[in-house]
Number of protein chains: 2
Amino acid sequence: MRGKPTMIDVADEGGISLGTVSKVLRGDPTVSSKLRERVLAACRKLNYQRNWIAASLRSRQTNTVGIIIPDILNTFYATLVEKLENLASVGGYTVVIVTTGEEPQRALQRINVVKDRLVDGVIVIPSLGSSETLASSVGADLPCVIVDRVAADNPFPSVATDNFDAAYQGARYLLSLGHRHIAIAANSPRLWNTRERIAGFERAMAEGNGRADVRIVGMTVEEARISLEGLLGERERPTALFTSNNLVTLGAVGALRSCGVSVPHEISLLAFDDFEWLRLLRPAISAINQPADQIAVEAWRLLSHQMSGRPVSNPHVRAAGQLVIRESTAQHGRIGKRAGARE
Amino acid sequence: MRGKPTMIDVADEGGISLGTVSKVLRGDPTVSSKLRERVLAACRKLNYQRNWIAASLRSRQTNTVGIIIPDILNTFYATLVEKLENLASVGGYTVVIVTTGEEPQRALQRINVVKDRLVDGVIVIPSLGSSETLASSVGADLPCVIVDRVAADNPFPSVATDNFDAAYQGARYLLSLGHRHIAIAANSPRLWNTRERIAGFERAMAEGNGRADVRIVGMTVEEARISLEGLLGERERPTALFTSNNLVTLGAVGALRSCGVSVPHEISLLAFDDFEWLRLLRPAISAINQPADQIAVEAWRLLSHQMSGRPVSNPHVRAAGQLVIRESTAQHGRIGKRAGARE
DNA sequence: ATGCGTTGGAATAACGTTTCATAATAGGCA
DNA sequence: TGCCTATTATGAAACGTTATTCCAACGCAT
């Protein structure tokens, strides 16, 4: 035996056949406990490690899943990855992570990398422009779950926050504080999650007779900051601002600082996406929290059911966002009056 | 041809031998351009995709690297992962990410997962307690680079911030502002990076005749917050606080808020680890930035050289941290006087 | 024209598993 | 005891590549 020991070495060591060793290691029940013990002993003795590659080649499954996300630095996606990695791990799967950025061509190239890797399934957060090509590219012949950015006509199992309703509730909350002129700062209407959030916002504003001010501010923190500095400098500026994701929120906070606009006295701020730092800013920022935990669990359920051939029930999950009220949102007109904080 | 096309199908299609097809696809130069063209044409026609698993089995290399990190939600590690993923990708490698938490037994189990996966190399940020076992576990028979938490007697190629010097400079800066009683809030002295930071801090304090107050505050934000609330309540509390990483900083900011201690008037705050939000807090927090970019590049250099069998020069890299001065650090005794901000 | 070196293509044996069709063994019952 | 069934073990054939050995063909020089 040169190099790493193989199953053959184990078989020889224990005086057992190769096939039986394989059975034991796969947990096949049709093997007597006596032989099983012998096999296990031989494995321990040789410090045998199963060669997963050979197994995959023969069995045609890799026990690996791909996760395709735009950006790991987006805290929401990082949280999702963290939880998915745990779920996959307890299920005996390994996770391959691929980041696409928001550039379509890079996304496609990266998706092919994953497909080449012959993963058993994929969890995809589509990036800007890759949504359309996804169908032909991946989902057709591979178990697949779409997360967060779900196209209206998306045929694959999917999980996302109920963006429409969450934004609707957020806007209603701002309206209930007396605001009438409210802006939503959104990165790009080509993103389906953003599109839904804008729609929910607009619906609430229409119902509440508010003036809906939709601003497209770009995909990066920097673009958002610059764009919103423009907004804050306008003569008739809104009395409340609703940011459509955590990156935009960052840009918004930067803009509010640099323009010296005080929150919530001069303008109220409500963020989509909650995370640790919002609590620590002064004023602490009110936000709509996306239940990352639930989203990850459901995504894993949908994927693992597909991979094991089980029927997939409820293939289109929508999770409710939660409004977390802090200090950045206040009654319009009553300067200094807080809207009430819970936490 | 049923199912996916294989190289054999391609060979048949083009009327060429299997071996030649393999050569072409691997870019072997000893094949005439005429045949190469025929092969490529056949591949396109059949929409052939190379089976990477079979190739790996035979060639004994997987073109995959593992990244083992404690926690993807730690922004510093997430940044590192992002950059490493890009570097690996352009080098033709895929990245498998595994998170260990700070629990030793989980770490070991996860490391084995990676080894089972037969990766070509590993980049490891050791977690609490896994440092010691790493040597026997992974580095012995696998190209390996240790990042960030480098044991004093670590034999493997490694990259990290020069923690000692960075902390030394940070402490000297605080001393230069007139502070004499300074506390460092550190997560655990069992972590090598923390240990080095404490040592650098202590050295500077000794040289400057300051009173070094080392506080071990635990691994989580919550633990740190509680622990530091205790510190802030003490009668003789320090006039400056140095936090040893971004999680502790979070806890510290929380504690300062809940205790109503004003920064920098009552206490100065200097953070180890810089990131976006520190700029947006009020006051903006001074920090020591770790050059994640440089660290990732060096780590990849060390790993890829090992994997390709090239000699590894400078196997122990230390990158300089940069002091970024903002508003949270001020002259001791001169209330309200800012220390000067650059940005 | 013959021999020799060189080059490019083909054939074939691994790589280390899983899987499937048999073979062997044990157990139960007449 | 002998036969039939149910159970467990064996052996060999894949899986789709890469690596190595072996030929054929060609050019060049003698």
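Convention: sequence-line order gives letters A, B, ...; per-chain numbering from 1.
By the side-chain contact (heavy atoms from CB on, under 4.5 Å) test, A:D71 pairs with A:L73, A:N74, B:E82, sequence neighbours left out. For B:D12, the side-chain contact (heavy atoms from CB on, under 4.5 Å) partners two or more places apart in sequence, or in a different chain, are B:I8. A:R60 pairs by the salt bridge (charged side-chain N to carboxylate O under 4.0 Å, His left out) definition with nothing, not counting sequence neighbours. For A:N314, the side-chain contact (heavy atoms from CB on, under 4.5 Å) criterion is met by A:R301, not counting sequence neighbours. Remark: A:K83 pairs with A:D293 by the salt bridge (charged side-chain N to carboxylate O under 4.0 Å, His left out) rule, at least two apart or across chains. Listed by chain and number, the residues in a salt bridge (charged side-chain N to carboxylate O under 4.0 Å, His left out) with A:R44 are A:E37 (sequence neighbours excluded). Under the rule for a salt bridge (charged side-chain N to carboxylate O under 4.0 Å, His left out), B:R38 has no partner lying at least two apart in sequence or in another chain.
One interatomic measurement links the two molecules: CE of B:M7 to P of C:dA10, which rounds to 14 Å at whole-angstrom precision. The distance between atom CD1 of B:I8 and atom P of C:dA11, rounded to the nearest whole Å, is 12 Å. Counting to the nearest Å, the P atom of D:dA9 and the CD atom of A:E37 are 13 Å from each other. Atom P of nucleotide C:dG16 and atom CG of A:D9 are separated by 9 Å, given to the nearest angstrom. In this structure, the CG atom of A:N51 is 7 Å from the P atom of C:dG16, given to the nearest Å.
Over its full length, the helix from C:dA10-D:dT21 to C:dA30-D:dT1 turns its helical axis through 50°, comparing axes from the five pairs at each end and rounding to 10°.
Look at B:R36 and you won't find any side-chain N or O under 4.0 angstrom from OP1 or OP2 of C:dG8. Taking 4.0 angstrom as the limit, A:T20 places none of its side-chain polar atoms (N or O) nearer than this to OP1 or OP2 of D:dA9.
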Dump the intermediate steps for side-chain hydrogen bond (donor to acceptor under 3.5 Å, both in side chains) on B:S32 and B:R36, then the final yes or no.
CA-CA 6 Å; B:S32 67; B:R36 160 170 292 117; over 6 Å; no
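Two residues are said to be in side-chain contact when any heavy atoms from C-beta on lie closer than 4.5 Å; A:F76 and A:I125 fail this criterion. Residues B:N154 and B:H316 meet the side-chain proximity criterion, which asks for heavy atoms closer than 4.5 Å. Counting heavy atoms from C-beta outward, B:K4 and B:Y48 have side chains that stay 4.5 Å or more apart.
Contacts between residues 10-18 of chain B and DNA chain C, defined by a heavy-atom separation under 4.0 Å, are made by B:I16, B:S17. Of the residues in residues 53-66 of chain A, A:L57, A:R58, A:R60 come within less than 4.0 Å of DNA chain D through at least one heavy atom, sorted by number. Taking every heavy atom of residues 23-34 of chain A and every atom of DNA chain C, pairs under 4.0 Å involve A:R26, by number.
A salt bridge (charged side-chain N to carboxylate O under 4.0 Å, His left out) check over residues 89-104 of chain A, counting only residues at least two apart or in different chains, returns the pairs A:E102-A:R149, A:E103-A:R106.
Applying the side-chain contact (heavy atoms from CB on, under 4.5 Å) test between B:S158 and each of B:L302, B:D148, B:V145, B:V150 identifies B:V150 as the sole match.
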